[in-house]
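Note that these values count all heavy atoms, side chains included, but never hydrogens, waters or copies made by symmetry. Note that the coordinates shown come from a computational prediction; the quantities given were computed from them, not determined experimentally.
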Amino acid sequence: MSDVNGEHPFGDDEHDGDIDAGDLDLDLMEEELRQGAAILDPLPAELRQIAVAAFALHDLDARIAELTFDSVVDAIPVRGAVDVPRMLTFHAGGVTVDVELSAHGLMGQVLPPQTARIEVLRGPQTAAPLTTDDLGRFTYADPPTGPFALRLSTDEGVLVTDWLTA
């Protein structure tokens with residue numbers, strides 16, 4: 001590169017202005033940038049904790065159990081009925097999960113009946129795991145507030161339901 005007089009603008013014809021990546025220690029530069037960001041714009045501890053917990057909820061091998069029935073959307077309302085439980089049905093492969101959500105908590109059943117370990121996911125927090133009985137039934141006494149999903153570990157693998165708002 002040269003100016004109108006044919007001379008290099010920096011007075012050095014040996015370098016054409018390109019930076020040779022071999023001259024830079026990219027790992028060192030990345031570490032220095034990380035340290036600078038940590039000092040000038042630190043990550044709040046709560047955000048880091050939420051990010052780690054959210055990543056822990058991520059199951060690469062889990063199948064998504066699709067919501068196929070929601071009584072809020074699909075059922076015909078009954079006049080005069082109050083505090084009607086919300087009925088949900090999820091399907092994934094040959095497994096169906098029926099859930100009843102009320103002010104008293106969750107009740108549900110895994111079909112075909114089988115033993116499963118169930119976790120109620122509530123954002124970054126997970127509740128103590130539940131285990132179904134011989135008929136595939138389970139209960140959870142603490143009604144979820146806000147977004148929630150279910151993670152089921154069955155003989156067929158791990159299923160995760162769609163996220164819903166209680």
Item to check | S102 (side chain) donor-acceptor with P85 (main chain) under 3.5 angstrom | outcome: no

Next on the checklist: Main chain of D70, side chain of D74: is a donor-acceptor contact present, judged purely on distance under 3.5 Å?
Outcome noted: yes

Solution key, residues 135-149 side-chain donor-acceptor pairs under 3.5 Å, sequence neighbours excluded:
residue	atom	partner	partner atom	Å
R137	NE	D133	OD2	2.9
R137	NH2	D133	OD2	2.9
D142	OD2	R122	NH1	3.4
D142	OD2	R122	NH2	3.3

Item to check | D162 side, atom CG; I64 side, atom CD1 - distance, nearest 0.5 Å | outcome: 7.0 Å

Item to check | Rounded distance [0.5 Å steps], OG1 in T161 versus NE2 in H91 | outcome: 13.0 Å

Where [X] and [Y] come nearest, the two heavy atoms and their spacing:
{"X": "Q114", "Y": "T132", "answer": "O-OG1, 2.8 Å"}
{"X": "D134", "Y": "P113", "answer": "O-CB, 3.9 Å"}
{"X": "L106", "Y": "L150", "answer": "CD1-CD2, 4.1 Å"}
{"X": "T165", "Y": "R86", "answer": "O-NH1, 2.8 Å"}

Next on the checklist: Tell me which pairs pass salt bridge (Lys or Arg N to Asp or Glu O under 4.0 Å) where either residue lies in residues 96-118, with sequence neighbours left out.
Outcome noted: R117-E119

Next on the checklist: With salt bridge (Lys or Arg N to Asp or Glu O under 4.0 Å) as the rule and sequence neighbours excluded, what pairs involving residues 26-38 come up?
Outcome noted: E30-R34

Checklist outcome for this item: Paired with V97, the side-chain contact (heavy atoms from CB on, under 4.5 Å) test is passed by just one of L67, L88, L152, namely L152

Next on the checklist: I'd like to know whether R151 forms a side chain to side chain contact (heavy atoms under 4.5 Å, CB included) with V158, so could you lay out the CA-CA distance, the side-chain angles of the two residues, the decisive distance to 0.1 Å, and finally the verdict.
Outcome noted: CA-CA 7 Å; R151 180 188 302 144; V158 177; 3.8 Å; yes

Next on the checklist: Taking the side chain as everything from C-beta on, heavy atoms only, tell me whether T96 gets closer than 4.5 Å to Q109.
Outcome noted: no

Checklist entry - Does L130 belong to the same Ile/Leu/Val/Met/Phe/Trp/Tyr cluster as L159, with side-chain heavy atoms less than 4.5 Å apart forming each link? => result yes

Next on the checklist: Starting from M87, can I reach F90 by hopping between I/L/V/M/F/W/Y residues whose side chains sit under 4.5 Å apart?
Outcome noted: no

